[in-house]
Novice: 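Mind having a look at this structure? Questions to follow.
Below, read A as the first sequence line, B as the second, and so on, with proteins coming before strands; counting in each chain starts at 1.
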Protein chains: 2
Amino acid sequence: MVKYRDGEKMLDALGLPLRRSMVRRLWHGGAMSLSKLAAPYELTLPAALKHLRVLEDSGIVKSHKRGRVRVCIYNPSALKELGGWLASHSAFWESSFDRFEAIINKKKKN
Amino acid sequence: MVKYRDGEKMLDALGLPLRRSMVRRLWHGGAMSLSKLAAPYELTLPAALKHLRVLEDSGIVKSHKRGRVRVCIYNPSALKELGGWLASHSAFWESSFDRFEAIINKKKKN
DNA sequence: CCTATACTTTACTTTATGGTAAAGTATCGG
DNA sequence: CCGATACTTTACCATAAAGTAAAGTATAGG
């Protein structure tokens, strides 16, 4: 089961057009190596790896090493769950609101 | 009817924790003025206005002037539609993929 | 009217993060 | 083994976007 914390991470991850495009590539083209994933963009491998890590950390993408190749795979269930939450706009917004407000209030001087 | 283009804008808008918090405030606390919306954060009014504009442009939030006060309102249907798309991961990903790839390919020299 | 309020605009400054190059590590293929 | 390949790490840079201050506009209230 995914938690609302992952919802936040997913929204952060999807906040960049480039990363959304990478997700689409994986969703469209199936599993592929990091190099192949990065190929259409004017990106060095380190940059592509950084973005992959953000996507992986959010749960939208999975990856594993097969020899010297990093195989990247789209994880449909992650966005399906995020979508479910947004559609019903319930648990996700409620709980993360409280967390965020707590931080903000601590920061303010009153 | 909202288009997939708005889905892109919504994801861009929700890509910042601060803006997500603002959406939660409006969802939680109902309609409020820009000043009241901005109050919990260490933000000047111009900065808050910028973020409001991004949210408004995406359709997640609506606003109108009532005298000298800008009243901000959460629009539940926007995120509901985005959620529906993500949950069914179909139209949104398909169509915006083509658009984005076209731009990328034009940029690359081959 | 006159002052205060509530933005809004303009013209910047600052900083976070997206990007790179270069060197390092691990695996493959002959 | 040995060179080539496919990342990975480290250290740094460049800029877009988030932020500000200051001045401008419009409305409210006495």
Novice: Answer with base, sugar-phosphate or nothing: what part of the nucleic acid does A:Arg19 contact at a heavy-atom distance below 4.0 Å?
Specialist: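 The residue A:Arg19 makes sugar-phosphate contact but no base contact.
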Novice: Report the nucleotide, chosen from C:dC28, C:dA6, C:dT20, that has the shortest atom-to-atom distance to any side-chain atom of A:Arg68.
Specialist: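 Ranking C:dC28, C:dA6, C:dT20 by closest atom to the A:Arg68 side chain puts C:dC28 first.
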Novice: Without decimals, in angstroms, what is the distance between A:Leu43 CG and C:dA21 C1'?
Specialist: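 Spelled out: CG on A:Leu43 to C1' on C:dA21 is 15 Å.
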Novice: How many Å lie between CD on B:Glu42 and P on C:dT14, as a whole number?
Specialist: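 Taking CD of B:Glu42 and P of C:dT14, I get 18 Å after rounding.
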Novice: Hey, does A:Tyr41 have a side-chain heavy atom less than 4.5 Å from the side chain of A:Arg25?
Specialist: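 When only atoms from C-beta onward are counted, A:Tyr41 and A:Arg25 do touch, with a gap below 4.5 Å.
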Novice: Scan B:Arg66 against the nucleic acid and name what it touches under 4.0 Å (heavy atoms): base, sugar-phosphate only, or nothing.
Specialist: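 The residue B:Arg66 makes no contact with any strand.
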Novice: Could you tell me the separation between the CG atom of A:Leu37 and the C1' atom of D:dA6, rounded to a whole number of Å?
Specialist: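 After rounding, the reported distance stands at 14 Å.
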Novice: Hydrophobic clusters here meaning ILVMFWY residues chained together by side-chain heavy-atom distances under 4.5 Å, can you tell me if A:Leu49 and A:Leu43 are in one?
Specialist: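 Yes, because A:Leu49 and A:Leu43 connect within a single hydrophobic cluster, where side-chain heavy atoms sit under 4.5 Å apart.
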Novice: So do A:Leu79 and A:Ile60 actually touch side chain to side chain, heavy atoms under 4.5 Å?
Specialist: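 Yes; the side chains approach each other to less than 4.5 Å.
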Novice: OP1 or OP2 of C:dG19 versus the side-chain N and O atoms of A:Thr44: is any pair under 4.0 Å?
Specialist: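 No.
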Novice: Hey, does the side chain of A:Lys65 come within less than 4.0 Å of C:dT27's phosphate (OP1/OP2), counting only N and O?
Specialist: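 The answer is no; no side-chain N or O of A:Lys65 sits under 4.0 Å from OP1 or OP2.
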Novice: Verify side-chain contact (heavy atoms from CB on, under 4.5 Å) between A:Met10 and A:Glu81, making sure each step is shown before the conclusion.
Specialist: CA-CA 11 Å; A:Met10 281 190 244; A:Glu81 288 207 39; 5.5 Å; no
Novice: So, is B:Arg70 close to the C:dT8 phosphate, meaning a side-chain N or O under 4.0 Å from OP1 or OP2?
Specialist: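 Yes, B:Arg70 has a side-chain N/O under 4.0 Å of OP1/OP2 on C:dT8.
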Novice: What is the distance, rounded to the nearest whole Å, between atom CG of A:Leu52 and atom C1' of D:dT9?
Specialist: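 Between C1' of D:dT9 and CG of A:Leu52: 15 Å.
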Novice: Measure the distance from NE2 on A:His64 to C1' on D:dA6 and round it to the nearest whole Å.
Specialist: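 Whole-Å distance recorded here is 15 Å.
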Novice: Round to a whole Å and report the spacing from NZ of A:Lys50 to C1' of C:dT20.
Specialist: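 Rounded to the whole Å, the gap is 9 Å.
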Novice: Atom CE of B:Met22 to atom P of D:dA18: distance rounded to whole Å?
Specialist: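 So the two atoms are 12 Å apart, to the nearest Å.
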Novice: Round to the nearest Å and state the distance from A:Leu49 atom CG to C:dT25 atom P.
Specialist: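 Distance check: A:Leu49 CG to C:dT25 P gives 17 Å.
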Novice: At under 4.0 Å between heavy atoms, what does B:Leu45 touch on the DNA or RNA strands: base, sugar-phosphate, or nothing?
Specialist: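 Touches a base.
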Novice: Can B:Ser63 and B:Leu52 be said to form a side-chain contact (heavy atoms from CB on, under 4.5 Å), step by step?
Specialist: CA-CA 9 Å; B:Ser63 88; B:Leu52 178 72; 4.2 Å; yes
Novice: From D:dT8, C:dT9, C:dG18, pick the nucleotide closest to the side chain of B:Pro46?
Specialist: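 Among D:dT8, C:dT9, C:dG18, the one nearest the side chain of B:Pro46 is C:dT9.
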Novice: Please confirm whether the shortest side-chain N or O distance from B:His51 to OP1 or OP2 of D:dA17 is below 4.0 Å.
Specialist: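 Answer no for this pair, as no side-chain N or O of B:His51 is under 4.0 Å from OP1 or OP2.
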